**Student:** 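Here it is: the structure, laid out below.
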Amino acid sequence: MCIAITRPVSPKMQECQLTHQERQPIDIPLAEKQHADYEDALRKLGCELVCAPELTFFPDSVFVEDCALVFDELAIITRPGAESRREEVFTIAEVLESYRKKIFYLETPATLDGGDVLCVGKQVWVGVGGRTNALALMQLEDILGHLGYEVHGVPVKDCLHLKTAVTQVGPQTLLINPDWVDPAIFSDFELIEVDPAEPTAANALLIGQDVIFPVDYPLTALRLVEAGIELYFVDNSEFIKAEGGVTCCSIVFNPE
């Protein structure tokens, strides 16, 4: 059974950080219901949920993915690119102390959001240029290189995070928006492109053999189904307004 760390929706989510889209009203009660349904999906797909402490005054705090990277051997506590989010990481670190003996902290002036990191086996791709800088990439190489991981910097454009543009949906299959990240970087994988009418649809969460995917993107969902991908649908409308995806609201990993 995998572990999934989540955190409640902040009542101040309406004040979230935005980079690439206009602010829209967020229905907080609806966001809370959608988050509860998302947590139910994680449970039904075999995850043990661990709830991190609520951070009422941190609008983006439900997006726990940005706070830490968890590998089989260790955990890395990030240093988010938005200064307003940097205090969020400490409660996540406290939770992870029960699951990983080795915990590293990225050091200033490095900045990194977990949403910029895509891991497939021992391959680690890091989106550089928005919330994450080259100094963070260097620190990840220092921490992970001797464990056999290969860390690659990836330029991203026109989107918040690398995993806004590409995520894993199968053992050797990625879902990608080719306008936001170069598909040639992932030439060893089978690639499924998002429908052009749904540019923000590339964020999906692989749990075992199933994929949690927003019902908000039906055209891309059809492409995934036609490729034989098993989908578990959730409504993500309020989190999309906050530039959030289905990977953003959990940290999923295997216990030691």
Side-chain angles (χ1 to χ4, degrees), residues 3-43 47 49-70 75-100 103-117 127 130-133 136 159-161 163-164 200 203 205 214 234-253:
I3 307 296
I5 299 174
T6 62
R7 195 197 306 270
V9 172
S10 167
K12 290 184 174 291
M13 187 177 169
Q14 180 64 50
E15 301 171 23
C16 63
Q17 293 280 333
L18 290 175
T19 304
H20 294 280
Q21 64 186 49
E22 296 295 323
R23 193 170 298 278
Q24 303 177 60
I26 294 175
D27 184 331
I28 298 299
L30 179 56
E32 291 172 338
K33 180 186 183 304
Q34 291 176 350
H35 191 55
D37 291 343
Y38 171 81
E39 291 179 322
D40 283 343
L42 289 167
R43 290 189 190 95
C47 294
L49 257 65
V50 177
C51 189
E54 182 176 6
L55 296 179
T56 305
F57 296 103
F58 288 77
D60 292 281
S61 56
V62 70
F63 300 125
V64 292
E65 176 187 44
D66 290 324
C67 294
L69 310 174
V70 184
I76 300 172
I77 306 304
T78 69
R79 189 167 180 269
E83 187 174 358
S84 63
R85 300 197 59 194
R86 290 183 187 154
E87 295 298 314
E88 296 175 25
V89 305
F90 299 110
T91 51
I92 299 299
E94 291 173 1
V95 173
L96 286 172
E97 287 173 357
S98 298
Y99 299 97
R100 291 294 184 269
I103 297 181
F104 294 81
Y105 287 76
L106 293 187
E107 299 177 356
T108 182
T111 62
L112 182 140
D113 283 8
D116 269 322
V117 181
R131 298 281 178 87
T132 297
N133 63 24
C159 62
L160 183 61
H161 291 134
K163 280 197 279 193
T164 312
T200 56
N203 187 269
L205 178 58
V234 295
D235 187 352
N236 206 44
S237 65
E238 302 314 293
F239 297 88
I240 292 168
K241 295 175 184 177
E243 289 186 318
V246 289
T247 68
C248 304
C249 292
S250 61
I251 303 171
V252 180
F253 58 93

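This structure is a prediction, so every number in the text was calculated from the model and none was measured.
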**Student:** Verify, without hydrogens or angle tests, whether Gln17 (side chain) and Asp60 (backbone) share a donor-acceptor contact under 3.5 angstrom.
**Tutor:** no
**Student:** Can you name the closest pair of heavy atoms from Gly115 and Asp66 and give their distance?
**Tutor:** N-OD1, 2.9 Å
**Student:** Where is the tightest heavy-atom contact between Pro25 and Glu238, given as atom of each residue plus distance?
**Tutor:** O-OE1, 4.1 Å
**Student:** Would you compute the distance between atom OH of Tyr99 and atom CD1 of Ile5 and round it to the nearest 0.5 angstrom?
**Tutor:**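 Taking OH in Tyr99 and CD1 in Ile5, the distance rounds to 7.0 Å.
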**Student:** Going from SG on Cys67 to CD on Glu88, what distance comes out if it is rounded to the nearest 0.5 angstrom?
**Tutor:** 5.0 Å
**Student:** What I'd like to find out is whether the side chain of Ile92 reaches to under 4.5 Å of the side chain of Thr78, using heavy atoms alone.
**Tutor:** no
**Student:** Quick one: pull up CG in Asp116 and CG in Leu160 and give me the separation to the nearest 0.5 Å.
**Tutor:** 7.5 Å
**Student:** Going by the angle between their ring planes, with limits at 30° and 60°, are Phe239 and His35 parallel, tilted or perpendicular?
**Tutor:**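 Aromatic pair Phe239/His35 classed tilted.
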**Student:** So how far is it from Ile28 CD1 to Met13 CE, rounded to the nearest 0.5 Å?
**Tutor:** 6.0 Å
**Student:** Work out which heavy atom in Leu112 is nearest to a heavy atom in Ala136; give both atom names and the distance.
**Tutor:**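 Closest pair (atom of Leu112, atom of Ala136, distance): CB-CB, 3.8 Å.
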**Student:** Roughly how far, to the nearest 0.5 Å, is the CD atom of Glu87 from the OG atom of Ser61?
**Tutor:** 12.5 Å
**Student:** Please list, chain by chain and in numerical order, all residues satisfying side chain to side chain donor-acceptor pair (under 3.5 Å) with Arg86, sequence neighbours excluded.
**Tutor:**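 Side chain to side chain donor-acceptor pair (under 3.5 Å) check on Arg86 returns nothing, list empty.
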**Student:** Which residues satisfy the side chain to side chain contact (heavy atoms under 4.5 Å, CB included) test with Ile77, sequence neighbours excluded?
**Tutor:**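 Applying side chain to side chain contact (heavy atoms under 4.5 Å, CB included) to Ile77 gives Ala68, Val89, Ala93, Leu96, Ile103, Tyr105.
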**Student:** Keeping Glu32 on the side-chain end and Val9 on the backbone end, is there a donor-acceptor pair under 3.5 Å?
**Tutor:** no
**Student:** Please answer whether the main-chain N or O of Ile26 pairs with a side-chain N or O of Gln14 as donor and acceptor at a distance below 3.5 Å.
**Tutor:**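 It does hold such a pair.
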**Student:** Lys12: which residues meet the side chain to side chain contact (heavy atoms under 4.5 Å, CB included) condition with it, sequence neighbours left out?
**Tutor:**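 Ser10, Glu15, Phe57, Pro59.
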**Student:** Determine whether a donor-acceptor pair (N or O, by modelled atom type, separation under 3.5 Å) exists between the side chain of Tyr38 and the backbone of Val246.
**Tutor:**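 Checked: pair present.
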**Student:** Does Glu65 have any side chain to side chain donor-acceptor pair (under 3.5 Å) partners at least two apart in sequence or in another chain, and if so, which?
**Tutor:** Lys163, Thr247
**Student:** Could you go step by step and tell me if Leu42 and Leu205 meet the side-chain contact (heavy atoms from CB on, under 4.5 Å) rule?
**Tutor:** CA-CA 10 Å; Leu42 289 167; Leu205 178 58; 4.0 Å; yes
**Student:** Which residue, Cys249, Ser250, Pro80, forms the side-chain contact (heavy atoms from CB on, under 4.5 Å) with Phe63?
**Tutor:** Cys249
**Student:** Looking at Lys241 and Gln21, what are the two nearest heavy atoms and their distance?
**Tutor:**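 Nearest pair, atom of Lys241 first, then Gln21: O-NE2, 2.8 Å.
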**Student:** Has the side chain of Arg7 got a donor or acceptor atom that lies under 3.5 Å from a matching backbone atom of Val64?
**Tutor:** no
**Student:** Taking only residues two or more places apart in sequence, or in another chain, which ones meet Asp113 in a salt bridge (charged side-chain N to carboxylate O under 4.0 Å, His left out)?
**Tutor:** Arg131
**Student:** In chain order, what residues pass the salt bridge (charged side-chain N to carboxylate O under 4.0 Å, His left out) check against Asp235, with sequence neighbours excluded?
**Tutor:**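 Residues passing salt bridge (charged side-chain N to carboxylate O under 4.0 Å, His left out) with Asp235: none at all.
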**Student:** So which atom in Val252 and which in Ala4 form the shortest heavy-atom distance, rounded to 0.1 Å?
**Tutor:** CG2-CB, 4.1 Å
**Student:** Side-chain contact test, heavy atoms from C-beta onward, threshold under 4.5 Å: evaluate it for Pro214 versus Gln34 and give yes or no.
**Tutor:**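 No - every pair of side-chain heavy atoms lies 4.5 Å or more apart.
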**Student:** Which pair of non-hydrogen atoms, one from Thr111 and one from Gly81, has the smallest distance, and what is that distance?
**Tutor:**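 Heavy-atom minimum between the residues: CB-CA, 3.9 Å.
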